[in-house]
Amino acid sequence: MSTPPPSTGGNSSPAGPRPYPTQPGRHGRPVLAPPFVEWLMGLPPGWVTAAHLDLPRTAQLRALGNGVMPQQAAHALRLLLDDLTHLHHPSASTAKASARGRRTGIRSHT
């Protein structure tokens, strides 16, 4: 049983074309494919699945499962920086905090 080729039918992201979501397991049944999880998280191909890392499938999935999506980290950092700006310059960032509150459902403390 071989793994089908990656799908490219419009299912791509900045991380590249969508890899096939499963691969054959030890007993021939399909199991989750680490390259697919890597792609879902928006990581570059080979971030944890590169052959030179020599990680077994379970270690790859554990690393991916314990990781943070880059987009999620960037959003959290933007929110923290907005809060820091507000703490240091309350009058300059009040409008920004109000706008963020409308987007995220978080109320401003001013």
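The basis for the numbers below is simple: all heavy atoms, side chains too, and nothing from hydrogens, waters or symmetry mates. What you see is a predicted model, and the numbers here were worked out from it, not measured in a lab.
The two atoms that bring P70 and G42 nearest to each other are CG-O, 4.4 Å, heavy atoms only. Residues P35 and T49 approach most closely at N-CG2, 3.9 Å, considering heavy atoms.
Under the side chain to side chain contact (heavy atoms under 4.5 Å, CB included) rule, F36 has a single partner from Q23, R18, M41, which is R18.
In this structure, the separation between CZ on R78 and CG on D83 is 13.5 Å, given to the nearest 0.5 Å. Note that NE2 of H89 and CG of L84 are 8.5 Å apart. Values are rounded to the nearest 0.5 Å.
Taking 4.5 Å as the limit, some side-chain heavy atom of L32 sits within range of a side-chain heavy atom of L61.
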Show, in sequence, the C-alpha distance, side-chain angles and deciding distance for H86 and D82, and conclude whether the side chain to side chain contact (heavy atoms under 4.5 Å, CB included) test is met. CA-CA 6 Å; H86 178 71; D82 283 350; over 6 Å; no

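Formation of a donor-acceptor pair under 3.5 Å by the E38 side chain with backbone atoms of G46 is found in this model.
Under the 4.5 Å side-chain heavy-atom criterion for Ile, Leu, Val, Met, Phe, Trp and Tyr, L64 and M69 are members of the same hydrophobic cluster.
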